[in-house]
Amino acid sequence: QVQLVESGGGLVQAGGSVRLSCAASVSVSTMGWYRQVPGKQRELVASITSGLRTNVADSVKGRFTISRDNTKNTVYLQMNSLKPEDTAVYYCTASTSYRQYWGQGTQVTVAS
């Protein structure tokens, strides 16, 4: 069983920045972030492999950066130039050979 502990998030003004962190209890393969707003499907924001290969959604490319520290089993999402449409619950995810795990989610609200 993999435990994921998220931190960061909160209320920020448009144009501002927030950094999310997510620590896994054990070494994992791909880690990433999804987000979800009420009434919509959860969507991938960014992911990063253990080899540090990244995949970033077009909607946030150039504004969000994903990184990870394999020594700490931790993934980060640096979110800059935030827009009101970035408001969502952000979920950390981590994968092993067997399954995908999810964090509890953290709310990010961008005020206009």
Side-chain angles (χ1 to χ4, degrees):
Q1 190 77 356
V2 177
Q3 307 295 325
L4 299 175
V5 179
E6 301 166 347
S7 60
L11 175 64
V12 63
Q13 295 294 315
S17 298
V18 168
R19 189 175 87 151
L20 305 180
S21 301
C22 174
S25 56
V26 296
S27 179
V28 292
S29 179
T30 298
M31 301 186 77
W33 294 92
Y34 282 70
R35 67 185 182 186
Q36 188 171 26
V37 298
K40 291 190 176 182
Q41 278 193 322
R42 195 171 293 188
E43 64 173 1
L44 174 68
V45 177
S47 64
I48 184 167
T49 68
S50 57
L52 306 184
R53 186 171 69 247
T54 62
N55 179 32
V56 180
D58 287 342
S59 60
V60 304
K61 200 166 290 184
R63 300 188 297 120
F64 292 10
T65 302
I66 190 168
S67 61
R68 72 188 277 176
D69 184 339
N70 287 333
T71 66
K72 298 179 180 179
N73 300 325
T74 299
V75 64
Y76 306 96
L77 185 68
Q78 179 65 44
M79 304 187 291
N80 299 327
S81 302
L82 283 160
K83 304 175 181 180
E85 51 263 43
D86 294 317
T87 295
V89 177
Y90 285 73
Y91 294 92
C92 174
T93 182
S95 299
T96 67
S97 300
Y98 304 103
R99 57 166 286 188
Q100 186 176 22
Y101 296 85
W102 296 89
Q104 77 280 7
T106 184
Q107 177 72 43
V108 174
T109 302
V110 184
S112 57

Can you tell me how far the [atom1] atom of [X] sits from the [atom2] atom of [Y], to the nearest 0.5 Å?
| X | Y | atom1 | atom2 | answer |
| --- | --- | --- | --- | --- |
| Thr96 | Gln1 | OG1 | CD | 9.5 Å |
| Arg63 | Met79 | CZ | CE | 9.5 Å |
| Met31 | Leu77 | CE | CG | 12.0 Å |
| Tyr90 | Leu20 | OH | CG | 7.5 Å |
| Gln104 | Gln3 | CD | CD | 10.5 Å |

Over all heavy atoms of both residues, which pair between [X] and [Y] is shortest? Give the atoms and the distance, please.
| X | Y | value |
| --- | --- | --- |
| Tyr34 | Leu44 | CD2-N, 3.4 Å |
| Arg68 | Ser29 | NH1-O, 2.6 Å |
| Val45 | Phe64 | CG1-CD2, 3.7 Å |
| Ser112 | Pro84 | CB-CG, 3.8 Å |
| Val75 | Cys92 | CG1-SG, 4.0 Å |
| Ala88 | Gln36 | CB-O, 3.5 Å |

Taking atom [atom1] of [X] as the centre, report whether more than 12 heavy atoms of other residues, nucleotides or ligands fall under 6.0 Å from it.
| X | atom1 | result |
| --- | --- | --- |
| Arg53 | CZ | no |
| Gln41 | CD | no |
| Lys40 | NZ | no |

Look at the side chain of [X] and the backbone N and O of [Y], then say whether any donor-acceptor pair between them is shorter than 3.5 Å.
| X | Y | value |
| --- | --- | --- |
| Thr30 | Ser95 | no |
| Asn73 | Val28 | no |
| Gln78 | Thr65 | no |

Kindly work out whether a path of hydrophobic side-chain contacts (I/L/V/M/F/W/Y, heavy atoms less than 4.5 Å apart) joins [X] to [Y].
| X | Y | answer |
| --- | --- | --- |
| Val26 | Tyr98 | no |
| Trp33 | Val12 | yes |
| Val2 | Tyr91 | no |

Subject >> Short N-O contact, Lys83 and Asp86, less than 4.0 angstrom >> reply: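 A salt bridge is absent here (no side-chain N lies under 4.0 Å from a carboxylate O).
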**OP:** Decide side-chain contact (heavy atoms from CB on, under 4.5 Å) for Thr93 and Arg42; before the verdict, give the C-alpha distance in whole Å, the side-chain angles of both, and the deciding distance to 0.1 Å.
**Re:** CA-CA 12 Å; Thr93 182; Arg42 195 171 293 188; over 6 Å; no
Subject >> Evaluation steps, side-chain contact (heavy atoms from CB on, under 4.5 Å), between Arg35 and Ser59 >> reply: CA-CA 12 Å; Arg35 67 185 182 186; Ser59 60; 3.6 Å; yes
